Amino acid sequence: MCGIVGYIGKEQALPILLEGLKRLEYRGYDSAGVAAITSDGLMIEKKKGRVSQLESLLAGNRVDTTIGIAHTRWATHGVPSDENAHPHLDCAGKIAVIHNGIIENYLTLKAYLKGKGHTFRTDTDTEILAHLIEEYYDGDLLEATRIALSEVEGTYGLAVLALDSPREIVAARNGSPLVVGDGDGEYLIASDVAALLRHTNRVVYLQDGELVHITDEGFVITTLARETIEPSIQEISWNLEMIEKGGFAHFMLKEIFEQPVSLRNAVRGRLDFADGTVRSSSLNQCRDILRRADRIILSGCGTSWHASLIGEYMIEELARVPVEVEYASEFRYRSPVIDEKTVFFSISQSGETADTLAAMREAKRKGATVLGICNVVGSTIARESDGGIYIHAGPEIGVASTKAFTSQVVVLGLIAVFLGRMRGLSADRGKQIVQAIDRLPEQVERILETRDSIKEIAHRFADRSNFLFLGRGYNFPVALEGALKMKEISYIHAEGYPAAEMKHGPIALIDENMPVVFIAIKDSVYGKIMSNIEEVKSRRGIVIALASESDGEIGNRADYVIKVPETLDFLTPLLTVIPLQLLAYYMAVARGCDVDKPRNLAKSVTVE
Ligand code: G6P
């Protein structure tokens, strides 16, 4: 999704802006651009393609500048092209705007501005912002931006630079994240802290409806209604090293291998071995609401939605509360039945996914208590929810979510135990569960040690065009997640199904060319899965089975076997998903795919 960086200070701005853009590459983008004020005027360079291409373009010019804004674009209106890349300019070529989000009334505004004599160069919604600001600009950039934004409907994180206000940046937020970095005599803005951490760890998150006016002397935050806001400065504890690849070939691989640590961090201090329950001040704050809840809704998108499905099974089993899982994008536009006894959880790694946020707002509007399960601290969902719990997975850069998924699932497990112990779950069973949770990181480590055999299987099947993933019970959502990982990064068509549903369609696809991954661990549905394996084998399908360490039989039935350690049924997804992440990863590498930045995908989808 689009990335924004801005800088004002004493250093050369271009290298800082380009470095910032590179830190935002993981969000997904199709073009990049920069605007800077130099002694020769307003310099603009923009280019379809990678930030490195923009860098090469700039390498020839000796640009001397200490103020600028830069952008990576992920197309929403207008194809990816040099022209449609940001920054966009007004008629006079003196005001430059970069923008993340969607201006919904841009056609009306465009018609109005054309009537006033403005001419447009691009198909983008963003360009109208530059012209609208030009309309109101008389030397006061902040005020012109404020008036322009009061006419805009839609979402934005944006930054504006004007040649006639040469030492000012104005930025604003409504619906798309924006953060201000407070450095020592230098100030930055960015859509993500990753872009400014090299310069400062002191940041202020802008809220919706706020503008920031930045000069060499500092910054002032005001609202669209001209109220001044006292900035709340937060110190970020993530350092750059945590965001770097740490010796791995890809962020995704690094993040897969971080899971023993990220799982430990997710449960750190939260397991109460003595009482067989979960300690969490954030859950405790909502104790009464959770006790009264007669229905729970879990909502998210993509991988977070898969984590929610596992959460549904966990909470219903341990706490006996009815749970529904909703695609956030569907929930927001239907007419869900909600009352004050409904507890609505938003599950989101980034905390910024537009649909998840909108669904949460809808649930809140209808009277539900809304709680967040987020990774990014201070993200919009985390801020706007009535409470919630962080998963503490650390920054996840690879577009395909891995460690955030397992952390989400384990945190949903913690919530299930917490709710269960307030209801019918016994202390003994609680103790058994928290001990099993505590063993997970070490078990994940053991699975990671088997990476070479998984790599071999991946190489063996890297030329296939189709894959099927089948699981039952707790591992049905894992089958969905395994298929999603594979299609996301290796572009192989893959489908996940509940194994028994195979008979109702997918079985028609099975022949000697179709690899079928079965999650066939020794759980309550083991016998049923074995029958499903037979059904595939008798149609000459290729069976790759994920099996329990103690399963001595499976080798007689499956063509390939990947073993995983044993745990309680409801925790098995935390182990079975690991080989599937590795399988997708090695498959994508073997096929020469751009693992961390898969085509057409974005890490954080901040438009609906
Ligand atoms: C995008 C990402 C996925 C992620 C989904 C939801 O599609 O590529 O990896 O699962 O968004 O993101 P969230 O940040 O809300 O978990």
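Owing to the predicted nature of the structure, the values given are computational and were not obtained by experimental measurement.
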Main-chain N/O of G49 paired with S31 side-chain donor or acceptor, under 3.5 Å: no
So, the side chain of E352 versus the backbone of T380: is there a donor-acceptor pair under 3.5 Å, distance only? yes
Per side-chain hydrogen bond (donor to acceptor under 3.5 Å, both in side chains), E134 is matched among K94, H118, K116 by H118
Tell me, do [X] and [Y] make a side-chain contact under 4.5 Å, heavy atoms counted?
X    : Y    : answer
D182 : V203 : no
L129 : L158 : yes
E481 : T303 : yes

I need the [X] [atom1] to [Y] [atom2] distance, nearest 0.5 Å.
X    : Y    : atom1 : atom2 : result
L484 : W305 : CG    : CH2   : 10.5 Å
E127 : I103 : CD    : CD1   : 12.5 Å
S401 : K485 : OG    : NZ    : 5.5 Å
F331 : E362 : CZ    : CD    : 6.5 Å
S165 : I37  : OG    : CD1   : 8.0 Å

Working note: H131 + F120, criterion ring-ring contact (aromatic ring centres under 6.0 Å, His included); need CA distance, chi angles, decisive distance, verdict. CA-CA 9 Å; H131 292 274; F120 289 81; 4.3 Å; yes
Compute both the distance and the angle, then confirm whether R50 meets the cation-pi test with Y29: under 6.0 Å from the six-membered ring centre, within 45 degrees of the axis. yes
Tell me whether the NZ or CZ atom of R599 lies within the 45° cone about the ring axis of Y491 and under 6.0 Å from its centre. yes
Test of ring centre spacing under 6.0 Å for H250 and Y585: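 Under 6.0 Å, so yes.
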Would you please classify the geometry between the Y7 ring and the H199 ring as parallel, tilted or perpendicular, with 30° and 60° separating the classes?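 H199 vs Y7 ring planes: tilted.
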Ring pair (Phe, Tyr, Trp, His ring centres under 6.0 Å) against Y333, all qualifying residues, sequence neighbours excluded: none
Within 6.0 Å of CG in D184, more than 12 heavy atoms from elsewhere: no
Can you list the steps and then say if E396 with N375 is a side chain to side chain donor-acceptor pair (under 3.5 Å)? CA-CA 9 Å; E396 190 179 66; N375 188 33; over 6 Å; no
